[in-house]
Amino acid sequence: MISVIVPNYNHAPYLQQRIESILGQTYTDLELILLDDCSTDDSREVMEQYRQHPKVSHIIYNEKNGGIPFRQWDKGIELARGEWVWVAESDDYCEPNFLECLLNATVNVPDCTLAFTTTCWVSEGGERLFHNGNSNKTTVYDSHDFVKHKMACANGIANVSECIFRRSAYRPSETARYEHMHLCGDWFFYILLAESGRVVMAETPLNYYRQHASNVSNTAENQGLTFLEGTEVLDYMVANCGLKRGDYAKGWGKLWATYKRQYKYTPDVQKAVRKRLATKYPEIYAYYLIYRAKHLLTKN
């Protein structure tokens, strides 16, 4: 069985499409767990339509909004009974063969703990914008290579809706590392999962990642959380995953220079990011200065 967790907050306009895309999967041995974090819109009415559905094992409403999505993930995993778990975000949707594709990709990788497809970004109304890979190739990573090539400089999984993970690899003793985060908790979560097995990437865009004004990630990026929270992830990778300076320094420096421009960091945000990174990782700061200078030269 696969346990599908849908953590929802104020996504009533998208919720039915999300749920139907799960119940319409070609792989049917699944349970559906619906969690609502005290929504103020019509989400409850949408969820209650599925109260008697045989695939729905739980519908749970929080009495108070928790404010952090990763606590809902952990809550759902504790309820899950399946061998595999899929956290399907409430404003996304997918192709009917999403689960079938991922399970087929893992069948010859018995120690796989995490599997993911690629993603198609869509507008609020569902118009396709772009995707991040369509080669139909399957790649298997060992733990170290996954961290080095997909996680070292940024979160290489576009959003949690594109992946499934083995429930036995979930480590409840480690949840304090990411539960407090507003943006980078998923990044940390994938690394913890990958430490106990191999990772499979099926490069077919079967997941649809919806972009709209209320996306949590948009506000979080403006606040510099990729770096303010991400430094905790980097600390862990350096200490526990064999990550070397050459694996991350250039990439982090370039990303910092890019995000500072793209998200128009305020002086206070930039100061906080510099304080967090420059002293502990001077090599990142050096690359940041190089890429900032390159941009200024190109601009002039």
Side-chain angles (χ1 to χ4, degrees), residues 2-25 30-53 55-77 79-80 85-96 98-99 116-117 119-129 131 155 157-164 178-179 181-187 189 205-223 225:
I2 293 182
S3 296
V4 188
I5 301 164
V6 177
N8 174 72
Y9 177 66
N10 282 352
H11 283 158
Y14 320 117
L15 195 50
Q16 185 171 16
Q17 184 181 21
R18 166 79 283 180
I19 293 172
E20 291 296 333
S21 75
I22 295 165
L23 297 176
Q25 289 293 297
L30 60 87
E31 67 167 342
L32 179 55
I33 299 169
L34 301 176
L35 304 177
D36 184 78
D37 200 10
C38 198
S39 291
T40 57
D41 64 2
D42 296 329
S43 293
R44 183 182 290 247
E45 286 76 6
V46 177
M47 286 185 171
E48 285 301 319
Q49 296 175 27
Y50 298 91
R51 172 69 68 177
Q52 303 304 321
H53 195 285
K55 297 293 186 185
V56 175
S57 59
H58 300 276
I59 300 178
I60 298 176
Y61 304 105
N62 283 354
E63 293 183 1
K64 182 179 180 181
N65 177 256
I68 297 177
F70 308 113
R71 291 173 184 161
Q72 287 288 84
W73 295 15
D74 291 332
K75 183 177 180 178
I77 296 167
L79 296 168
V85 178
W86 173 23
V87 178
E89 293 193 323
S90 53
D91 52 343
D92 299 330
Y93 58 102
C94 61
E95 292 289 345
F98 172 82
L99 288 177
F116 63 102
T117 68
T119 282
C120 182
W121 277 252
V122 296
S123 68
E124 187 170 0
E127 178 186 359
R128 298 187 186 195
L129 303 174
H131 60 74
N155 185 353
I157 294 180
N159 80 327
V160 70
S161 297
E162 71 179 45
C163 67
I164 62 173
Y178 60 82
E179 271 194 340
M181 294 182 173
H182 292 270
L183 179 67
C184 295
D186 54 347
W187 189 1
F189 186 80
L206 301 176
N207 173 58
Y208 295 97
Y209 182 20
R210 196 185 305 270
Q211 305 300 295
H212 51 85
S214 60
N215 273 1
V216 172
S217 58
N218 293 333
T219 302
E221 295 293 10
N222 292 132
Q223 297 170 350
L225 294 190

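Leu206 is not listed as a side-chain neighbour of Cys94, based on a closest heavy-atom distance of 4.5 Å or more. Looking only at side-chain heavy atoms (C-beta outward), Gln16 and Gln49 come within less than 4.5 Å of each other. No side-chain heavy atom of Asp186 sits less than 4.5 Å from a side-chain heavy atom of Pro69. When side chains are defined from C-beta on, Gln72 does not count as touching Tyr9, because their heavy atoms never get closer than 4.5 Å.
Taken to the nearest 0.5 Å, the CH2 atom of Trp187 stands 9.0 Å off from the CE atom of Met181. Here Ile5 contributes atom CD1 and Trp86 contributes atom CH2; the two are 11.5 Å apart, rounded to the nearest 0.5 Å.
Among residues two or more places apart in sequence or in another chain, the ring-ring contact (aromatic ring centres under 6.0 Å, His included) test is passed with Phe116 by none. Judged as a side chain to side chain contact (heavy atoms under 4.5 Å, CB included), and not counting sequence neighbours, the contacts of His212 are His11, Tyr14, Asp91, Glu124, Arg210, Ser214, Asn215. With sequence neighbours excluded, the residues forming a side-chain hydrogen bond (donor to acceptor under 3.5 Å, both in side chains) with Glu221 are Thr226, listed by chain and number. Residues satisfying the ring-ring contact (aromatic ring centres under 6.0 Å, His included) test with Trp73, not counting sequence neighbours, are Phe70, Phe189. A search for salt bridge (Lys or Arg N to Asp or Glu O under 4.0 Å) contacts involving Arg44 returns nothing, not counting sequence neighbours. Contacts of Ala220 classified as side chain to side chain contact (heavy atoms under 4.5 Å, CB included), with partners at least two apart in sequence or in another chain: Leu183, Leu225. With sequence neighbours excluded, the residues satisfying side chain to side chain contact (heavy atoms under 4.5 Å, CB included) with Leu23 are Ile19, Leu32, Tyr50, His53, Lys55. Under the side-chain hydrogen bond (donor to acceptor under 3.5 Å, both in side chains) criterion, Asp92 pairs with Asn159, Ser161, not counting sequence neighbours. Scored by the salt bridge (Lys or Arg N to Asp or Glu O under 4.0 Å) test, Glu20 finds no partners at all (sequence neighbours excluded). The side-chain hydrogen bond (donor to acceptor under 3.5 Å, both in side chains) check on Asp37 picks up Asn62, Asn65, with sequence neighbours excluded. Applying the side chain to side chain contact (heavy atoms under 4.5 Å, CB included) criterion to Ser57, with sequence neighbours excluded, gives Glu31, Ile33, Arg81.
Residue pairs meeting the salt bridge (charged side-chain N to carboxylate O under 4.0 Å, His left out) criterion with at least one partner in residues 64-77, sequence neighbours excluded, do not occur; the list is empty.
Of all heavy-atom pairs between Asn207 and Tyr93, the closest is OD1-O, 3.5 Å.
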